[in-house]
Amino acid sequence: MLKTEGLTLHYGGSQILYGIDLEAASGEVTCVMGTNGVGKTSLLKAISGTHPRSGGSVTLDGELLGKLPAHALARKGIGYVPQGRDIFPLLTVRENLETAYACLPKSDHAVPDEIFELFPVLKEMQGRRGGDLSGGQQQQLAIGRAMITRPKLLLLDEPTEGIQPNIIQQIGRVIEYLRDQGDMAIVLVEQYFEFAYTLADRFVVMKRGDVSMSGAKADLAKEDLKGAVSV
């Protein structure tokens, strides 16, 4: 579903990514791991168009994507849940979800029942302002909003950060559910090792803006993987 080749990214005069090659298949969770500051978030920003890549190519579902802005890539099928969630604090939960309609034809402007089945709290709080939700509830809202766009590729940046354990478990179940549908590739950036190890089908370990280790979970020793992502 996703293939990047030679992906590079700069912030001003500083190079952050050095030729990233990555593949993510439908029906799989590809987990990107590494210590702080190695470029994990920058990689998702480059794929999603949130920060324009400097070079290299991105192919989605067989289509070579140009250097398109984020809204155009969202319409192509890239759903992005950023670190920090970026919900609209003054809009209601319902209105936050409806912002995803921008990626869809008018005939599809509806919140699927599936969203409220996966995240019952969002149904209960439809009229509540986004800024009044807890961090875990905001994370559920951000994932629900991305799901409405019907992505082929879902990018999740640190979905467990600052979240209470029961919500982490629920988010894990939702990721498993989406993977098992088989029509979406999921790229997960995650620091919580056990959460990532439980969910991932493949791992990509980054070090100093490049890939230092990658492969299927079955082919990587857990202790080697843990050592590679530890400080």
Side-chain angles (χ1 to χ4, degrees), residues 1-26 28-86 142 146 151-161 184-193 195-197 199-217 219-220 224-231:
M1 181 58 76
L2 170 72
K3 185 175 184 179
T4 75
E5 294 183 287
L7 192 67
T8 60
L9 181 141
H10 290 75
Y11 289 132
S14 300
Q15 185 165 356
I16 308 299
L17 300 179
Y18 294 84
I20 302 291
D21 295 335
L22 178 149
E23 292 188 16
S26 297
E28 289 188 358
V29 175
T30 300
C31 189
V32 179
M33 301 190 76
T35 54
N36 287 333
V38 298
K40 304 184 300 294
T41 291
S42 295
L43 175 61
L44 295 198
K45 287 182 175 181
I47 295 169
S48 67
T50 309
H51 188 94
R53 66 184 187 272
S54 307
S57 65
V58 175
T59 303
L60 181 71
D61 198 16
E63 179 185 357
L64 186 63
L65 302 177
K67 292 184 181 180
L68 301 173
H71 64 86
L73 291 173
R75 288 195 179 99
K76 293 280 189 184
I78 297 179
Y80 178 41
V81 181
Q83 192 175 25
R85 302 177 276 277
D86 285 1
K152 300 174 182 178
L153 169 68
L154 181 62
L155 307 173
L156 298 170
D157 194 357
E158 301 273 13
T160 67
E161 186 179 41
M184 179 191 300
I186 299 170
V187 176
L188 170 68
V189 165
E190 185 53 61
Q191 295 274 46
Y192 180 11
F193 183 83
F195 178 83
Y197 194 80
L199 288 172
D201 299 286
R202 300 189 64 81
F203 284 95
V204 174
V205 178
M206 293 184 64
K207 189 173 183 179
R208 299 195 187 107
D210 205 349
V211 175
S212 63
M213 179 189 295
S214 66
K217 179 163 72 173
D219 297 331
L220 298 172
D224 290 346
L225 196 58
K226 200 167 189 176
V229 301
S230 300
V231 177

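Just so you know, residue 1 is the first one in the sequence shown, and it goes up from there. Since this is a predicted model, take the numbers as computed values, not measurements. When reading the values below, keep in mind they use all heavy atoms of this one structure, side chains included, and skip hydrogens, waters and symmetry mates.
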Which heavy atom of [X] sits nearest a heavy atom of [Y], and at what distance?
X    : Y    : result
R53  : L65  : NH2-O, 2.9 Å
P159 : E190 : CD-OE1, 3.4 Å
L73  : I47  : CD1-O, 3.6 Å
L220 : G215 : CD1-O, 3.7 Å
L44  : L155 : O-CD1, 3.8 Å
L43  : L17  : CA-CD1, 3.7 Å

Minimum side-chain heavy-atom gap [X]-[Y] below 4.5 Å:
X    : Y    : answer
Y197 : K226 : no
D61  : K76  : no
I20  : M206 : yes
P151 : M184 : yes
S54  : H10  : yes

Going from [atom1] on [X] to [atom2] on [Y], what distance comes out if it is rounded to the nearest 0.5 angstrom?
X    : Y    : atom1 : atom2 : result
L199 : C31  : CG    : SG    : 8.0 Å
L2   : T59  : CG    : OG1   : 8.0 Å
Y80  : L154 : OH    : CG    : 11.5 Å
Q83  : K45  : CD    : NZ    : 8.5 Å
I16  : Y11  : CD1   : OH    : 6.5 Å
E158 : L188 : CD    : CG    : 8.5 Å

Practice item. Determine whether more than 12 heavy atoms belonging to other residues, nucleotides or ligands lie under 6.0 Å from atom NZ of K217. Key: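 Buried by this count: over 12 neighbours within 6.0 Å.
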
Exercise for review: Can you establish whether the number of heavy atoms outside R75 located under 6.0 Å from its atom CZ is more than 12?
Suggested key: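 Count over threshold, so yes.
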
Point to revise | Distance-only polar pair, side chains of Q15 and T8, donor-acceptor under 3.5 Å | key: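 Side chains of Q15 and T8: no pair found under 3.5 Å.
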
Review point. Angle class for the F203/F193 ring planes (parallel below 30°, perpendicular above 60°, tilted otherwise)?
Key: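 The rings of F203 and F193 lie parallel, inter-plane angle below 30°.
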
Exercise for review: I would like to know whether I186 and E28 meet side chain to side chain contact (heavy atoms under 4.5 Å, CB included); could you show each step before the answer?
Suggested key: CA-CA 6 Å; I186 299 170; E28 289 188 358; over 6 Å; no

**Study point:** Step-by-step side chain to side chain contact (heavy atoms under 4.5 Å, CB included) determination, L22 to L7
**Key:** CA-CA 9 Å; L22 178 149; L7 192 67; over 6 Å; no

Point to revise | V211 and D21: CA distance, side-chain angles, deciding distance, side chain to side chain contact (heavy atoms under 4.5 Å, CB included) verdict | key: CA-CA 8 Å; V211 175; D21 295 335; over 6 Å; no

Exercise for review: Let me see the working for K40 and Q191 under side chain to side chain contact (heavy atoms under 4.5 Å, CB included), right down to the final yes or no.
Suggested key: CA-CA 10 Å; K40 304 184 300 294; Q191 295 274 46; 4.0 Å; yes

